[in-house]
Chemist: 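If you scroll down you'll find the structure; I have some questions about it.
Computed from a predicted structure; not experimentally measured.
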Amino acid sequence: MPSGAEIMSVAVRCHNLRKTYDGKVEAVAGLDLEIQAGECFGLLGPNGAGKTTTIEILEGLLEPTSGDVEIFGKKWDKHAQELRELIGISLQETRLGEKLSVRETINLFASFYENPRRPEEVIEDMALSEKADAWVGKLSGGQKQRLAVATALVGNPKLLFLDEPTTGLDPQSRRQLWDIIRTFQQRGGTVLLTTHYMDEAEKLCDRLSIVDHGKIIASGTPHELIERTCGTQMIEFATSSGNGKIAKDEWRKLPGVEAVHQDDSLTVLNAREPHATIPALLAAVEERGLQLDHLTTRQASLEDVFVQLTGRHLREE
């Protein structure tokens with residue numbers, strides 16, 4: 001059994017979590033997860049991987065078929081009301097009354113909680129002061145999304161669930177929400193984030209897990225996952241005769257190459273020693289009588305980790 005101090009330092013813990021529908025479809029298949037208090041944790045995965053089901057169980061919206069869930073050491077079947085006071089939820093699409101003003105909306109949500117934050121303070125934090133008396137229906141997409149996050153924050157939660165919070169937003173609105181998330185964290189809050197933007201996960205998340213087929217297939221900090229899965233550099237190239245005619249194993253034999261995959265017309269090499277790989281690659285292309293049409297090198301990213309582990313880009317989902 002974990003000690004009391006250990007429980008208080010863990011915001012979310014689930015063990016061997018399973019959810020089966022109709023006794024056949026196993027959406028979550030024995031998932032283990034531990035999120036430390038105060039961190040921003042990312043849960044990434046393709047559609048159908050089980051992350052939405054997992055999050056709805058953690059939020060108390062679904063009951064698991066089996067397994068244990070604890071939020072700040074408390075369980076939904078025993079402490080439901082206490083837990084509702086501790087969490088805030090912002091969905092990808094939050095439907096709010098379009099004929100209510102921003103201020104009325106925040107006041108309404110504040111009334112649901114015993115110890116809410118001051119609505120005016122939250123409105124100011126969300127950079128919505130100028131729109132406080134505007135109808136929700138008149139807000140821009142970025143303003144509506146900030147308002148949705150505001151409805152989750154006004155309850156003064158310790159744990160914030162953010163489901164695709166920046167989908168469809170322009171770059172400026174995205175960065176405004178990033179700042180809001182960081183500020184919440186700096187005040188001691190814990191964030192569980194899902195996103196389809198790999199750069200967002202890489203910038204915001206202290207740690208993350210990738211889910212596929214109802215199980216966690218990789219976990220760690222963004223840097224750890226990139227280093228462990230892809231190495232440090234990616235070399236992308238294409239030839240006039242097409243790279244697909246040459247077996248991956250042939251490129252895999254080049255010095256410093258740890259993995260090879262195709263990305264449309266490009267061959268992508270995971271290389272820890274690009275200074276050795278690139279001269280050998282150029283020599284191999286020349287030996288085969290091919291013409292090099294494209295060659296770039298770049299730092300490995302979370303997008304590369306996702307492709308390596310699941311076989312597809314997250315944005316394709």
Side-chain angles (χ1 to χ4, degrees), residues 31-33 40-51 193-317:
L31 187 142
D32 294 325
L33 190 64
C40 181
F41 191 93
L43 199 61
L44 311 181
N47 289 340
K51 65 180 186 300
L193 171 78
T194 71
T195 180
H196 274 75
Y197 298 113
M198 292 289 98
D199 62 325
E200 186 163 273
E202 202 164 333
K203 288 180 183 299
L204 291 178
C205 295
D206 300 301
R207 291 189 305 126
L208 54 90
S209 288
I210 297 175
V211 181
D212 203 10
H213 302 295
K215 296 181 178 180
I216 290 176
I217 58 175
S219 294
T221 69
H223 177 75
E224 286 170 350
L225 285 173
I226 292 168
E227 175 71 20
R228 190 164 68 231
T229 308
C230 298
T232 57
Q233 293 284 328
M234 309 300 287
I235 300 172
E236 301 175 336
F237 70 95
T239 63
S240 55
S241 302
N243 305 340
K245 296 179 181 179
I246 300 174
K248 289 182 181 180
D249 288 346
E250 291 298 306
W251 301 121
R252 179 70 178 79
K253 293 175 183 177
L254 295 176
V257 173
E258 298 200 335
V260 182
H261 72 270
Q262 291 294 132
D263 189 355
D264 295 327
S265 62
L266 296 178
T267 298
V268 184
L269 311 179
N270 297 13
R272 290 188 184 273
E273 301 173 355
H275 60 282
T277 304
I278 292 174
L281 170 63
L282 295 175
V285 167
E286 185 176 358
E287 286 173 10
R288 290 165 172 77
L290 302 175
Q291 181 177 335
L292 198 63
D293 289 341
H294 173 90
L295 175 65
T296 60
T297 64
R298 57 177 175 80
Q299 289 286 338
S301 68
L302 275 182
E303 181 79 18
D304 298 308
V305 173
F306 195 87
V307 171
Q308 193 82 3
L309 293 175
T310 69
R312 52 204 184 277
H313 291 279
L314 187 55
R315 63 178 178 267
E316 294 172 355
E317 299 298 326

Chemist: Nearest heavy-atom pair of F41 and C205: which atoms, and what distance?
Modeler: C-SG, 4.2 Å

Chemist: Which atoms form the tightest heavy-atom contact between A259 and Q308, and what is the distance?
Modeler: CB-NE2, 3.1 Å

Chemist: Please report the shortest heavy-atom distance between R252 and V257, naming the atom on each side.
Modeler: NH1-O, 2.5 Å

Chemist: Looking only at heavy atoms, what is the nearest atom pair of A201 and P222, with distance?
Modeler: O-CG, 4.3 Å

Chemist: Determine, step by step, whether E236 and T267 satisfy the side chain to side chain donor-acceptor pair (under 3.5 Å) criterion, reporting the C-alpha distance in whole Å, the side-chain angles of both residues, the deciding distance to 0.1 Å, and the verdict.
Modeler: CA-CA 6 Å; E236 301 175 336; T267 298; over 6 Å; no

Chemist: Rounded to the nearest 0.5 Å, what's the gap from CD1 on I216 to CG on L43? Could you check?
Modeler: 6.5 Å

Chemist: Any chance you could measure T296, atom OG1, to I235, atom CD1, to the nearest 0.5 Å?
Modeler: 9.0 Å

Chemist: Just verifying a value: how many Å separate S209 OG and K51 NZ, rounded to the nearest 0.5 Å?
Modeler: 13.0 Å

Chemist: Count the heavy atoms of every other residue, nucleotide or ligand shown that sit under 6.0 Å from CD of E286, and state whether that count exceeds 12.
Modeler: no

Chemist: Under 4.5 Å between any side-chain heavy atoms of L309 and L225, yes or no?
Modeler: no

Chemist: Is there a side-chain contact between E202 and I226 in this structure, where contact means two heavy atoms from C-beta onward sitting under 4.5 Å apart?
Modeler: yes

Chemist: Less than 3.5 Å apart, which donor and acceptor atoms pair up between the side chains of residues 271-281 and the rest of the protein, not counting sequence neighbours?
Modeler:
residue : atom : partner : partner atom : Å
R272    : NE   : E258    : OE1          : 2.8
R272    : NE   : E258    : OE2          : 2.7
R272    : NH1  : E227    : OE2          : 2.7
R272    : NH2  : E227    : O            : 2.7
T277    : OG1  : P255    : O            : 2.6
T277    : OG1  : E273    : O            : 3.1

Chemist: Determine, stepwise, if the pair E200 / T195 fulfils side chain to side chain donor-acceptor pair (under 3.5 Å).
Modeler: CA-CA 7 Å; E200 186 163 273; T195 180; 2.7 Å; yes

Chemist: Rounded to the nearest 0.5 Å, what's the gap from CZ on F237 to CG on L266? Could you check?
Modeler: 9.0 Å

Chemist: Report the distance from atom CD1 of I210 to atom CG of L302, rounding to the nearest 0.5 Å.
Modeler: 7.0 Å

Chemist: How about Q299 and Q233: do any of their side-chain heavy atoms sit closer than 4.5 Å?
Modeler: yes

Chemist: State, yes or no, whether a side-chain contact exists between M198 and V305 at a heavy-atom distance under 4.5 Å.
Modeler: no

Chemist: Less than 4.5 Å apart, side chain to side chain, heavy atoms only: is that true for M234 and N270?
Modeler: yes

Chemist: Any side-chain to backbone donor/acceptor pair from D206 onto C40? Under 3.5 Å, distance only.
Modeler: yes

Chemist: As an exercise, state the distance from NZ of K203 to OH of Y197, rounded to the nearest 0.5 Å.
Modeler: 15.0 Å

Chemist: Is the closest side-chain heavy-atom distance between D293 and T239 below 4.5 Å?
Modeler: no

